[in-house]
Amino acid sequence: MLAIQFIRDHPDLVREGARLKGETAPVDEILELDRQLRSVLAEEESLRAELNLSSARFGELSRSGDQAVEELRLKLAELKSRIQTKQQERKDFEEQLQRLLLVVPNPPHELVPYGQSDDDNVVIRTWGALPEFDFQPKPHFELGERLGLFDFERAVKVAGSRFALLKGAGARLERALTWLMLDLATGEHGYEEVSPPYLVSRECMVGTANLPKFEEDAFHVLEGDRFLIPTAEVPVTNLYREEILDADRLPIRHVAWTPCWRSEAGAPGKDTRGYIRLHQFSKVELVKFVRPEDSLAELEALVRDAEAVLQTLGIHYRVRLMCSGDMGFAQWKKYDIDAFAPGLGRYLEVSSCSAFGDFQARRANIRFRSHGGKPEFVHTLNGSALALPRTFDCLLETYQTKAGGIRVPEALRGYLRGLEEIGPPTH
RNA sequence: GGGGAGGUGGCUGAGUGGCCGAAAGCGCCCGCCUGCUAAGCGGGUGACGGGGCUUAACCUCGUCCGAGGGUUCGAAUCCCUCCCUUCCCGCCA
């Protein structure tokens with residue numbers, strides 16, 4: 001959410017920011033509502049000031065038994081009804097204004113390149129070389145099914161399409177990946193691990209800007225009006241909602257492994273075959289709360305922390321700076337990390353790292369205070385490190401052997417009791 | 001699920017109808033004192049919003065004592081509903 005003061009002072013900037021993202025912002029309506037709100041607010045407040053003064057006088061008069069009391073009582077009753085009318089008007093304006101403010105997108109940072117689609121994103125760097133094979137590399141779903149790592153059919157039987165099931169070495173491998181990611185974050189990169197609830201309140205979803213604009217993307221649990229988390233970003237960012245943090249505590253860096261649920265209303269197709277784009281998947285997520293001036297440097301560090309996972313695994317990847325049109329509603333600046341899947345012959349997005357400025361902090365009211373100063377909004381950031389299924393897929397495809405087995409990267413063997421290779425299949 | 005207690009500022013905690021945006025303490029800020037540190041002494045210190053003001057400082061008005069309603073001329077204080085915390089009992093992984 002943007003500050004109303006900011007929109008008053010820079011309406012063109014807000015309009016332009018929305019345009020860059022390919023969206024629109026109801027700036028004129030907001031400014032008009034804001035004017036009306038302030039005018040009715042001023043009237044209400046001066047009536048209240050009058051009521052407050054007169055009430056005090058009423059007390060004095062009635063104690064001294066003055067006859068004027070009855071006259072004053074009538075006057076106050078009339079005042080009060082006028083106040084109630086104004087108050088209702090004010091509340092209506094506030095509600096309308098709030099609704100509109102929540103749908104104004106965060107303008108991109110000035111260094112974000114302009115663009116309208118995926119093609120306009122800018123590759124910042126790549127790591128490792130495209131893997132080479134002396135045979136035709138297979139896609140992960142073929143490898144995994146032959147090795148018995150997946151059971152897609154039974155997953156569908158149990159939960160419906162777009163759910164997956166890992167078994168045997170597959171389940172263990174994903175668990176090993178999860179442990180590696182958590183150990184890197186907590187042991188090497190200085191994140192404190194949290195294990196949050198997987199259901200959150202509506203307020204939390206609004207705080208991270210998953211609502212009100214994207215309600216159809218989330219699974220809604222009617223009992224208690226809660227939502228299955230689409231990412232750990234939601235519960236973890238909201239950890240400090242409505243709080244004023246001591247500046248000495250910043251930066252706060254958290255890592256969380258959670259399942260994530262997305263309703264992903266699109267139809268299945270070529271890009272969704274295999275262990276990808278599921279209603280439920282798991283992810284290791286990094287979340288930071290920082291001082292405004294550290295925000296962008298912390299974003300760079302966050303991306304590096306996520307990259308470290310792929311480097312440790314020896315998987316080729318690229319980092320792209322998202323163009324204005326391809327970054328979400330709430331982001332200020334965003335990088336994607338795409339790992340290469342040789343069997344599919346394309347890159348898969350395994351991480352999305354974003355800085356939000358104070359956009360989320362305003363919505364969730366997360367502030368900090370430095371030694372006796374005024375409270376200020378923190379800046380929030382987050383990114384995956386990494387999404388499990390796609391990292392799993394890239395690993396399978398990168399480390400496949402001609403015989404159809406999977407070599408286990410050095411870094412994972414300790415989590416798999418020394419296992420060096422999965423398979424190859426015997427039939 | 002049943003019953004009791006409770007939710008007050010950055011924190012702890014007093015306050016049962018006007019003298020309360022709210023005692024006291026902690027923390028923080030400024031000053032004094034002090035070989036240094038600690039202690040001590042004095043003063044200051046809530047949030048949000050509107051208006052005034054060239055900005056800041058400042059002035060002023062309003063709102064806020066879990067949330068929302070109600071009673072009253074007037075509510076932190078009385079009533080209702082909801083949320084949350086905690087204790088006892090029950091049930092259960």
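So that the names make sense, note that chain A is the first sequence line, chain B the second, and so on, each numbered from 1.
- Taking atom C1' on both nucleotides, rU12(B) is separated from rC65(B) by 15 Å, rounded to a whole Å.
- For the C1' atoms, the distance linking rG9(B) with rA5(B) amounts to 23 Å, nearest Å.
- Every residue meeting the side chain to side chain contact (heavy atoms under 4.5 Å, CB included) condition with Gln5(A), not counting sequence neighbours, appears here in chain and number order: Arg8(A), Asp9(A).
- Base pairing of rC64(B): its partner is rG46(B), meeting the Watson-Crick or G-U wobble criterion (both donor-acceptor distances under 3.5 Å).
- Picking from rC61(B), rG46(B), rG50(B) the nucleotide with the shortest atom distance to the side chain of Arg38(A) gives rG50(B).
- For rC58(B), the paired base is rG52(B) (Watson-Crick or G-U wobble, both distances below 3.5 Å).
- Here rC61(B) is the nucleotide among rG51(B), rC48(B), rC61(B) with the atom lying nearest to any side-chain atom of Glu45(A).
- Separating the CG atom in Asp28(A) from the CD atom in Glu32(A) is a distance of 9.5 Å, to the nearest 0.5 Å.
- With both ends at atom P, the span from rA47(B) to rG10(B) equals 7 Å, rounded to whole Å.
- The residue among Pro375(A) and Ile4(A) whose nearest nucleotide of RNA chain B is located toward the 5' end is Pro375(A).
- Between rG31(B) and rA38(B), the distance separating the two P atoms is 15 Å to the nearest Å.
- The base of rG18(B) does not come close enough to the side chain of Glu60(A) for any donor and acceptor atom to sit less than 3.5 Å apart.
- Among the heavy atoms of the strands, none lies under 4.0 Å from Arg362(A).
- Checked for salt-bridge contact, Glu71(A) and Lys75(A) miss the test: no charged N lies under 4.0 Å from a carboxylate O.
- In this structure, Asp246(A) reaches neither bases nor backbone, as no heavy-atom distance under 4.0 Å exists between it and the strands shown.
- To the nearest whole angstrom, the two P atoms, one in rU63(B) and one in rC19(B), are 13 Å apart.
- In this entry rC20(B) has no Watson-Crick or G-U wobble partner, no candidate having both defining distances under 3.5 Å.
- When both distances must be under 3.5 Å, the Watson-Crick or G-U wobble mate of rG1(B) is rC89(B).
- Looking at heavy-atom distances under 4.0 Å, Arg367(A) makes contact with sugar-phosphate atoms alone, never a base.
- Listed candidates were rG50(B), rU63(B), rC48(B). Nearest to the side chain of Arg8(A) is rG50(B).
- Scored by the ring pair (Phe, Tyr, Trp, His ring centres under 6.0 Å) test, Phe359(A) finds Phe329(A) as partners (sequence neighbours excluded).
- Using a 30° and 60° split on the angle between ring planes, His254(A) and Phe289(A) fall in the perpendicular class, above 60°.
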Where protein sits on nucleotides 69-76 of chain B, one letter per nucleotide: B base, S sugar-phosphate only, - none, heavy atoms under 4.0 Å: S--BBS--

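- Looking only at atom types and distance, the side chain of Gln87(A) has a donor-acceptor partner in the side chain of Arg48(A) under 3.5 Å away.
- For the pair Asn52(A) and rG62(B), the criterion of a side-chain N or O lying under 4.0 Å from OP1 or OP2 is met.
- In this structure, Glu23(A) pairs ionically with Lys213(A), as a charged nitrogen and a carboxylate oxygen lie closer than 4.0 Å.
- For Lys91(A) and Glu94(A), the salt-bridge test fails: no basic side-chain N is under 4.0 Å from an acidic carboxylate O.
- Nearest to the side-chain atoms of Leu41(A) among the listed nucleotides rC48(B), rG49(B), rG10(B) stands rG49(B).
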